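No hydrogens, no waters, no symmetry mates; every other heavy atom, side chains included, goes into these values. Quantities reported herein were computed from a predicted structural model and do not represent experimental measurements.
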Amino acid sequence: MGKDSVKLIANNKKAYHDYFIEDTYEAGISLHGTEVKSLRMGKCSVKEAFIRIEKGEVFVYGMHISPYEKGNLFNRDPLRVKKLLMHRAEINKIIGKIAEKGYTLVPLKVYFKGSLVKVEVGLARGKKLYDKRADIAKKDMRREAEKDFKVRNLY
């Protein structure tokens, strides 16, 4: 594995359904040894996770990293609050955007970049119910078009 190789661990599809993603940031994450080993095995979920900024520091809540099987007493709480590592200028920029109405921070992906664990953070604006319905309708139309295209090309 090279220095620039990216290996996806967890993806948050629900975030793309519930929010309009305006901007994305890459953040490091502060972890303990057994958590990293568990991530290498792909045991991570960010479906219910959310991000808060407290006293100029960024924290992710609800990110579940399953305990490592061979970790015994070194294992940490799977749902513990984890600190995200970002540059001060980025944090200040995000704080300014969140002060605007309707913006929130959501984790989009967790991945290995080389040997480091990274989290892709999305600056998101909530979708209304009709926006979600429109997205589902577009997806259905695209699926139907692909199906028709496939059927035509078989004959």
Side-chain angles (χ1 to χ4, degrees), residues 1-69 71 73-142:
M1 220 159 75
K3 195 175 176 90
D4 300 329
S5 65
V6 174
K7 182 183 172 239
L8 188 67
I9 301 166
N11 199 354
N12 192 354
K13 290 180 184 174
K14 191 175 175 224
Y16 290 100
H17 181 261
D18 292 343
Y19 301 100
F20 292 112
I21 308 300
E22 305 280 321
D23 205 358
T24 59
Y25 301 92
E26 186 179 71
I29 185 167
S30 179
L31 297 170
H32 294 280
T34 54
E35 290 175 324
V36 177
K37 288 180 179 187
S38 190
L39 286 174
R40 288 210 183 280
M41 293 164 59
K43 306 250 175 107
C44 178
S45 171
V46 288
K47 280 188 180 77
E48 267 84 59
F50 60 96
I51 296 172
R52 279 201 186 134
I53 298 178
E54 296 165 1
K55 298 178 189 166
E57 292 183 329
V58 187
F59 296 96
V60 63
Y61 292 81
M63 182 174 150
H64 188 279
I65 298 177
S66 299
Y68 182 58
E69 291 131 31
L73 73 119
F74 296 107
N75 279 332
R76 300 290 172 126
D77 175 29
L79 287 171
R80 78 178 181 85
V81 179
K82 295 155 193 75
K83 184 177 177 182
L84 294 181
L85 311 169
M86 296 176 83
H87 291 287
R88 172 71 46 217
E90 280 181 326
I91 295 172
N92 291 339
K93 188 175 166 185
I94 292 170
I95 289 171
K97 292 263 177 114
I98 287 180
E100 292 178 32
K101 191 170 176 268
Y103 281 107
T104 186
L105 283 177
V106 289
L108 301 174
K109 294 178 192 166
V110 180
Y111 56 92
F112 278 106
K113 190 173 185 182
S115 63
L116 303 174
V117 180
K118 299 287 184 177
V119 178
E120 187 174 284
V121 177
L123 185 67
R125 191 168 37 89
K127 283 185 182 178
K128 302 278 190 265
L129 185 61
Y130 56 83
D131 290 327
K132 291 179 190 177
R133 284 189 190 137
D135 280 357
I136 291 169
K138 274 185 204 169
K139 198 184 279 184
D140 286 345
M141 285 171 53
R142 194 185 78 233

How close do [X] and [Y] get, counting heavy atoms only, and between which atoms?
{"X": "Val81", "Y": "Phe59", "value": "CG1-CB, 3.7 Å"}
{"X": "Arg40", "Y": "Ser115", "value": "NH2-O, 3.9 Å"}
{"X": "Tyr61", "Y": "Arg52", "value": "CE1-CB, 3.8 Å"}
{"X": "Cys44", "Y": "Ala10", "value": "O-CB, 3.8 Å"}
{"X": "Pro107", "Y": "Val60", "value": "CG-CG2, 4.3 Å"}
{"X": "Ala124", "Y": "Val106", "value": "CB-CG2, 4.0 Å"}

Using the side-chain contact (heavy atoms from CB on, under 4.5 Å) rule, pick out the option among Ile21, Thr24, Ile98 that qualifies with Leu123. Ile98
Among Val119, Val117, Val58, Ile65, side-chain contact (heavy atoms from CB on, under 4.5 Å) partner for Lys82: Ile65
If we only count heavy atoms from C-beta on, is the Leu108 to Tyr16 side-chain gap below 4.5 Å? yes
Nearest 0.5 Å please: distance from the [atom1] atom of [X] over to the [atom2] atom of [Y].
{"X": "Lys118", "Y": "Leu84", "atom1": "NZ", "atom2": "CG", "answer": "11.0 Å"}
{"X": "Glu90", "Y": "Leu85", "atom1": "CD", "atom2": "CG", "answer": "11.5 Å"}
{"X": "Ile29", "Y": "Leu39", "atom1": "CD1", "atom2": "CG", "answer": "7.5 Å"}
{"X": "Asn11", "Y": "Leu8", "atom1": "CG", "atom2": "CG", "answer": "5.5 Å"}
{"X": "Lys13", "Y": "Asp18", "atom1": "NZ", "atom2": "CG", "answer": "14.0 Å"}
{"X": "Asp140", "Y": "Asp135", "atom1": "CG", "atom2": "CG", "answer": "11.0 Å"}

Lys47 and His64: side chain to side chain contact (heavy atoms under 4.5 Å, CB included), yes or no, with the steps? CA-CA 9 Å; Lys47 280 188 180 77; His64 188 279; over 6 Å; no
In this structure, are over 12 heavy atoms from other groups packed under 6.0 Å from Tyr19 atom OH? no
Keeping Asn12 on the side-chain end and Val46 on the backbone end, is there a donor-acceptor pair under 3.5 Å? yes
If you measure from the Lys or Arg side-chain nitrogens to the Asp or Glu carboxylate oxygens, is any gap between Lys113 and Glu26 under 4.0 Å? yes
